[in-house]
Protein chains: 2
Amino acid sequence: MTHGAEATTPSTHLVRRLNAERVLQEVWDGEPVTASALMAATGLARSTVLALCRELTDRGWLVELDDARAAGAYTKGRPALRYAFRPDAALVVGVDAGQHRVSAAVADLHGRVVAEESVHLDPGSDAAARRASVLDAVGVAVARAGRTDREVVAAVLGVPAPVGTTGVPAGERNPFWALMNPGLEDLFADRGWDTVVENDANLAAVAEAEHGDGAAAYAALLVGERFGAGIVLDGTLRRGPRGAIGEMRILDLVEGVGRSDGLGALARDEARRRLDAGRAAGSVLADVPRDRLDAEHVLAAAGAGDAVAGEVVDGLADRLARVCAVLSGLLDLDRVIVTGAMAPALGPVVERARALLPDHLHDPSVEVVVSDLGPDVVRTGAVRLAVEHVRSRALDRDLPAEG
Amino acid sequence: MTHGAEATTPSTHLVRRLNAERVLQEVWDGEPVTASALMAATGLARSTVLALCRELTDRGWLVELDDARAAGAYTKGRPALRYAFRPDAALVVGVDAGQHRVSAAVADLHGRVVAEESVHLDPGSDAAARRASVLDAVGVAVARAGRTDREVVAAVLGVPAPVGTTGVPAGERNPFWALMNPGLEDLFADRGWDTVVENDANLAAVAEAEHGDGAAAYAALLVGERFGAGIVLDGTLRRGPRGAIGEMRILDLVEGVGRSDGLGALARDEARRRLDAGRAAGSVLADVPRDRLDAEHVLAAAGAGDAVAGEVVDGLADRLARVCAVLSGLLDLDRVIVTGAMAPALGPVVERARALLPDHLHDPSVEVVVSDLGPDVVRTGAVRLAVEHVRSRALDRDLPAEG
DNA sequence: GCAGTAAATTCTAGTGCTAGATTTTCTCCG
DNA sequence: CGGAGAAAATCTAGCACTAGAATTTACTGC
């Protein structure tokens, strides 16, 4: 069961690495910090903290500020050295390489987006075109930030396909997945960036981590064209050997769901079905050209009290409730976070789904909420993961030369 | 995402503890070992290994054998000290406190069962009766082993109810669960045993761990009266905040399953339904008194070619396939291990279910197998967990006085 | 300006670990 | 019997960490 630690690194280095990471984590997001504060936060002895800070300063991650008392809330005693993280020490790139759209962001080590660029992409584009679009979007974003490639140290790319570590690669099992991840991990090899490709729902889960209020078990549910879930258990994102944890094709087997289409696809199809069947007389939906009709119209109409749209929305809520029930029933989740481009409009649907949960769950302790991260969750998660990647390897890396 | 380590223990003690555990783990199951072998296995320096062995010897976990060269395969050089684990240094108790039956085992630190006792239990028994039965079975087993309570250091009790760590206790949410776990964690407090109560399916998963061929993602599926799964992801048993990971009430929502009854219950009910409907003419099942008819009869009859029984078995296979599909589709499992008292008879059902998997799974990389641990899996898992519990706390504990 | 006090830093001794040099304890072989 | 050779154990120096003593730096009140 307990698979034991890596066991190759001599214990002493391991501890050093761990301590450095803990100090860095403490300093990373916040205000300048004194050694005493770090001692309290990490539980390390003063000498240890000071030695680590010195090393991290030498390596360029921290700066020593000497306005010691200036900002400190105390007046007595010897003024402390203060160390501050340098968020501009390096840049990271986060990309949402979706089916229809590639969105790239350049961010500092706080995860603050400095510049971005998104390009539309024909869903039918071939592998070469997809790669080119990603390169293009990233190139524009970096240029727009007024920075150079050499300042970037890591890139994370989100794709709508499972990304596994063992067994047959996803791309060889499914041509769609091959297309969605056309060798992206090598895309920036020549620039020396650490590049990680990750499933989009998993990145959404990473993005929601800080909004999880420390919930140790939750799912980030992408609900647009297809369902997809990024699943965090015991505080850590779970991927599975083939990267397929949270793949939701299995919804085909769930009663009242029956297929794995997302809420967006479902809203569109159900509305059209009603129109086609002539059951939308008097509905504002009948005024929208059939080809243009999509989820947004339906949600808006339902909000305005349209009966036909309301029916469709009820259907969405029912489906969402069942999906949440299956996920949380099996995985004992504290929370399901509904997210993706559609999420901001889904408040009423989620509210209704919440009310339906007790029909399916014996003990509905799960909390279903709408993400407040907006439409760029995946990209946000990519940036966040890139930042974590850099942080966890801080001691291995020399910072890029300035400017 | 990364929730950080415990961060209270000073780093240096942490390392010591980790190293001790690694050494202990290496010695635990096997033959006498030399320091050199431990160095190779753990990657620690010679001085470190020797110091640890000395301490573990002082504390009574190991003995130093000086028949140095006698057993060693080499003839040259200075003969090495050899250390051997003392499996009799203490005893553990493992209990399967099921709905109908309580089965207790006393085992040594290798997990070898020294004595056992099981008692039948009326499913309607109240909390006091259940507690008494457990105490009774354990008492008899210890006596039968010819040992005393003082030699036992840990007990693990498996119950057919979720065992959580946060939120409302399972017992307060469901009276059945309250009955199944009637305050068992305090049962041996007066004897000073470390007592752990754990869900039965989770214990089955623990028991299957060594048979998992190192599979990092698998489920142990109890299939008797109700379905229940113990789920191992990334090499570690996942419990969930409320201990409800792998709870399968949610099967109500799966098409073609529709309720969470296990294969045993299903076989019985389906066979009776056919009898009642008069559709069992010519079947050997018609010869069995209706009240006595159960899964065993059905499986045996199907094995002998009985058509009606065959129909029922097909139904079981269909259901099992769907359950495996849901579990592995959502959790990216390498393996589902069908286990429990019925498992040995389920070979043909599993075989058929395996053939049905591709109907439900896009990429059926999961391997469905029958456990070969026999009917006492849960108790075996309980013993195993108790042993692991003792091992992981070896340095904290003084061994009980002998005899 | 000088004690008194507070809060930081620096210093010191001690522990666990590592790596490598040295010593011990064997067998083998002339 | 007395090396040569091999493998283990022991010794030594050095590093990371801890805990606590000593020291530094600054403000406060007299």
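From a predicted model like this one, the values you see are computed outputs, not experimental measurements. Just so it is clear, the values below take in all heavy atoms, side chains as well, and ignore hydrogens, waters and symmetry mates. Lettering follows sequence order; numbering is per chain, from 1.
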Listed partners of A:Phe188 passing ring pair (Phe, Tyr, Trp, His ring centres under 6.0 Å), at least two apart: A:Trp193

Spacing of B:Arg16 atom CZ relative to D:dC17 atom P, expressed in whole Å: 18 Å

Axis deviation across the helix from C:dG1-D:dC30 to C:dG30-D:dC1, five-pair ends, to the nearest 10°: 30°

Pairwise ring pair (Phe, Tyr, Trp, His ring centres under 6.0 Å) hits with a residue in residues 39-66 of chain B, at least two apart: none

Euclidean distance, atom CE of residue B:Met39 to atom C1' of C:dC17 [Å, nearest integer]: 13 Å

Interatomic distance, A:Leu81 CG vs D:dT25 C1' [rounded to whole Å]: 11 Å

Atom-pair distance (CZ on B:Arg17; P on D:dC17), nearest Å: 19 Å

Listed partners of B:Arg54 passing side chain to side chain donor-acceptor pair (under 3.5 Å), at least two apart: none

B:Ser36 side chain near D:dA7 phosphate (N/O to OP1/OP2, under 4.0 Å): no

Ionic contact status for B:Arg384 with B:Glu388, cut-off 4.0 Å: yes

Residues that A:Glu55 engages under side chain to side chain donor-acceptor pair (under 3.5 Å), provided they are two or more places apart: A:Arg16, A:Arg59

Ring pair (Phe, Tyr, Trp, His ring centres under 6.0 Å) partners of residues 30-58 of chain A, not counting sequence neighbours, each pair once: none

Interface with DNA chain D, restricted to residues 44-54 of chain B and to heavy atoms under 4.0 Å: B:Arg46, B:Ser47, B:Leu50, B:Arg54

B:Leu14 side, atom CG; B:Asn19 side, atom CG - distance, nearest 0.5 Å: 9.5 Å

Nucleotide C:dA8, atom C1' - distance to OH of A:Tyr83 in whole Å: 11 Å

Protein-nucleotide distance (A:Glu64, atom CD; C:dT9, atom P), rounded to Å: 9 Å

Rounded distance (Å) that lies between atom C1' of C:dC17 and atom NE2 of B:His13: 13 Å

Residues forming a salt bridge (Lys or Arg N to Asp or Glu O under 4.0 Å) with B:Arg112, sequence neighbours excluded: B:Asp108

All N/O pairs under 3.5 Å across the protein-nucleotides 23-25 of chain C interface:
from: C:dT24; atom 1: O2; to: B:Arg78; atom 2: NH1; distance (Å): 3.2
from: C:dT25; atom 1: O2; to: B:Arg78; atom 2: N; distance (Å): 3.4

Under 3.5 Å donor-acceptor pairs involving side-chain atoms of residues 26-33 of chain B, not counting sequence neighbours:
from: B:Trp28; atom 1: NE1; to: B:Leu109; atom 2: O; distance (Å): 2.6

Inter- and intrachain pairs under ring pair (Phe, Tyr, Trp, His ring centres under 6.0 Å), touching residues 32-51 of chain A, at least two apart: none

Side-chain N,O (A:Asn19) to OP1/OP2 (D:dC17) below 4.0 Å: yes

Salt bridge (Lys or Arg N to Asp or Glu O under 4.0 Å) partners of A:Arg191, counting only residues at least two apart: A:Asp149

